[in-house]
Each structure stands twice: as C-alpha cells, then as structure tokens.
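Accompanying notes for the structure given below.
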Amino acid sequence: NSHSQYLKEWAVQTHLPILSIDYRLAPEYPFPCAHYDCWRYYLFLLHHHDSLLSHSSSSPSTDIEFTLSDLDSFSSRAKTSSKSVRIILVGDSAGGNLIAGLTLYAIHTKTQIPEGVVMVYPATYLDLSVSISRLVFSLDPLLNHSTTSICMESYVGEGLEEEDVEKRKTMMENFVMHPGLARDELVREFPKAWFFVGALDPLLDDSLLFAQKLRRCGREVRVKIYNYLPHGFLNLGPVLGPAKPAVEDVGRALEECSLII
C-alpha cells in the first residue's frame, strides 16, 4: 500500500502491466531473503508471463495479489510461455538496491536480463562508509545516520559482529548486496539505466558513483537530479509540489524503455 498510489499512476500513464513485489523484510528476514523473493518473481515472469497476463487482463482495473506459495501453485498449472517477455525493473531506495543486485545476478547466471533498470534514489553501497552526501545530509529527518546504521545492521543480519572479520568481509564483497562493488565484467553487460534522485538525499552519491561506474564500462545511463527534493520523494507527490513532476518523469522513463527495440 505504501507504493500503490504512484504505481497506479504509472499504470495509467504507460498502459503497462505493473507487478509490485511485497518481499520479506529485515530484521525478521535479513539478507538474502528479499533478493531471493525478487528473484523468484522474476523467474516466474520470464517463464509464465503469458498465463499471468491473461489472468490479470480478465479484470484489468482490479489489483491482483500473489504470494510466493501462490506462484508455486500457479507455476505447476501454467504453461511455459512460448515467447520471451520484456521486463523493466524499477525500484526506489532499498528497492533500487534489489533491482540492481537482481540484474547483476541475472548477468552472472546468464539469465535473460531486463530491458532497462530504473533506479530511484537507490542504495548501491550497503555499508556505513562516508560520502559527501551522506555526511552533509547525515541529519536528514527520514534517512539520518542513526536510521541508516540500524537499517543496514538489521539487513545484514545477526552473527556479523565486528570480530567476525572474515564473514563480514565476505558479506561486504557481495555484489548482490553492494551493486556498486560489482566487477567490471558484470557491469559491462548492464542494460540501459536511469537514476532519479534528489539533491538533498543522503544517497545522492550512491546514484552518482554507480552511474559513473556504468558509464566507465560503456553503458547507457541517464541521471536526473531534482533540486530541493529529499529521500523518499515518490511518496511525497500529493503534499510536495516538486515531487509530482518527478513521479511523472519516472513514468516517462518506463514508457521510453518499453519502446526500446
């Protein structure tokens, strides 16, 4: 429900079917649970999109919910799609981290990659390293340093105390958790990418550094920075004037990506 308003706006704006994944959350379900959930849905779409779309088209104005157990049941009954499907991934904040990591994992496993990846103020480096934007906006009311610390430690999970150096080092080098640390040979196959981020966002540098890495590896990247917008502006459209055009800009990126041949 936290994302339903602008997802519906994008569906109307783009005339595209939109699947929103209600993945499991930390601290009850730490890494890699959320990535696993997203990967399951992604594979389901690749192999059974015909059946899913025909099922949803019977009531296009109604939201349809599927749990992971529903997917298992649906997959056993649905026919494997005969044609490939074009998937656009879009995610904000932690969701931006998830879709970047999913795309890199698809490249790593030689699975069909998405047509495009639209990241809105993504967290591409899940550690507490200091960047200029993280330092300048460390007192951000939504994503201040204390909140960021709690979220990241909860997401990494228990058993990663500071003395557990080797285990922590392995986690910190995981490109699925930290897309910005991915090896160049993976990044060189990344699809067209969009970044939308506010100039007042602590994660501004996460977007800029990852975008810079993609460009250095020869990938097509577009970056849009909004003056006066903070982290989480997608949810502020109804109450913050400059956020409304930003939401529409993301919808236009989805439209543009759907037209790529």
Side-chain angles (χ1 to χ4, degrees), residues 1-23 37-39 41-66 71 81 83-103 106 112-122 190-198 207 210-211 214 219-226 229 231-261:
N1 291 333
S2 62
H3 299 70
S4 61
Q5 179 60 43
Y6 56 81
L7 291 181
K8 290 177 180 178
E9 291 178 13
W10 291 340
V12 172
Q13 179 181 349
T14 65
H15 304 287
L16 297 172
I18 293 178
L19 174 66
S20 176
I21 300 176
D22 187 18
Y23 52 82
D37 293 348
C38 293
W39 183 246
Y41 276 101
Y42 184 72
L43 292 180
F44 176 82
L45 274 180
L46 287 180
H47 299 300
H48 302 294
H49 56 273
D50 285 345
S51 297
L52 179 60
L53 292 177
S54 63
H55 183 78
S56 61
S57 63
S58 61
S59 51
S61 61
T62 304
D63 295 336
I64 298 174
E65 295 185 1
F66 285 92
L71 288 189
S81 300
K83 298 180 180 179
S84 62
V85 63
R86 303 171 69 189
I87 298 175
I88 306 166
L89 297 182
V90 56
D92 70 304
S93 195
N97 171 276
L98 291 171
I99 63 171
L102 186 154
T103 302
Q112 178 183 325
I113 64 172
E115 202 72 30
V117 182
V118 181
M119 292 165 279
V120 187
Y121 38 82
F190 208 88
K192 186 174 181 178
W194 285 259
F195 292 86
F196 297 90
V197 62
S207 290
F210 192 38
L214 289 168
R219 310 316 299 156
E220 187 174 357
V221 181
R222 295 191 183 182
V223 179
K224 177 80 178 212
I225 302 174
Y226 299 92
L229 284 185
H231 189 80
F233 62 72
L234 285 183
N235 293 99
L236 301 177
V239 295
L240 188 62
K244 180 66 175 176
V247 174
E248 295 172 352
D249 285 345
V250 177
R252 278 190 284 272
L254 298 179
E255 286 182 298
E256 181 180 344
C257 190
S258 70
L259 297 176
I260 295 176
I261 298 176

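Note that the coordinates shown come from a computational prediction; the quantities given were computed from them, not determined experimentally.
- With sequence neighbours excluded, the residues forming a side-chain contact (heavy atoms from CB on, under 4.5 Å) with Gln5 are Glu9, listed by chain and number.
- Residue Leu7 holds its CG atom at 5.0 Å from OG of Ser20, rounded to the nearest 0.5 Å.
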Given Val223 and Phe210, is the side chain to side chain contact (heavy atoms under 4.5 Å, CB included) satisfied, shown in steps? CA-CA 11 Å; Val223 179; Phe210 192 38; over 6 Å; no

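- Contacts of Thr14 classified as side-chain hydrogen bond (donor to acceptor under 3.5 Å, both in side chains), with partners at least two apart in sequence or in another chain: none.
- When every heavy atom of Pro122 is checked against every heavy atom of Asn97, the shortest pair comes out as CB-N, 4.2 Å.
- Note that CG of Asp92 and CG of Leu234 are 5.0 Å apart. Values are rounded to the nearest 0.5 Å.
- With ring centers used as reference points, Phe196 lies 6.0 Å or more from Tyr121.
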Would Phe195 and Val120 satisfy side chain to side chain contact (heavy atoms under 4.5 Å, CB included), going step by step from the backbone distance to the final call? CA-CA 6 Å; Phe195 292 86; Val120 187; over 6 Å; no

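- One distance of note links CG of Leu98 with CG of Leu89; it measures 10.5 Å at 0.5 Å rounding.
- Taking OH of Tyr41 as the reference point, atom CG of Asp22 lies at 7.5 Å (rounded to 0.5 Å).
- With hydrogens and angles disregarded, no donor-acceptor distance shorter than 3.5 Å links the side chain of Trp194 to the backbone of Gly116.
- In Asp249, the CG atom is crowded: over 12 heavy atoms of neighbouring residues, nucleotides or ligands sit closer than 6.0 Å.
- Residues Tyr6 and Phe233 keep their aromatic ring centres 6.0 Å or farther apart.
- Nearest heavy atoms, Ala94 versus Tyr23: CB-OH, 4.2 Å.
- A distance of 6.0 Å separates CE of Met119 from CD1 of Ile99, quoted to the nearest 0.5 Å.
- Atom-to-atom distance recorded for Ile18:CD1 and Lys8:NZ is 11.5 Å, nearest 0.5 angstrom.
- Counted by atom type alone, Ser93 and His231 present one or more donor-acceptor pairs between their side chains at under 3.5 Å.
- Ala243 and Leu229 make their closest contact through N-CD2, 3.9 Å (heavy atoms, listed as atom of the first residue, atom of the second, distance).
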Show the numbers, then the answer: is there a side chain to side chain contact (heavy atoms under 4.5 Å, CB included) between Glu256 and Lys192? CA-CA 11 Å; Glu256 181 180 344; Lys192 186 174 181 178; 3.0 Å; yes

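- The side-chain heavy atoms of Val250 and Trp10, taken from C-beta on, include a pair separated by under 4.5 Å.
- Scanning all heavy atoms of the two residues, the minimum distance from Leu214 to Ala193 falls at CD1-CB, 3.9 Å.
- Annotation for Leu254 and Ile88: closest pair O-CD1, 3.6 Å, computed over non-hydrogen atoms.
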In sequence, state the C-alpha distance, the side-chain angles, and the governing distance for Tyr42 and Ile21, and then conclude on side chain to side chain contact (heavy atoms under 4.5 Å, CB included). CA-CA 10 Å; Tyr42 184 72; Ile21 300 176; over 6 Å; no

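- The backbone N or O of Phe190 sits less than 3.5 Å from a side-chain atom of Arg219, completing a donor-acceptor pair.
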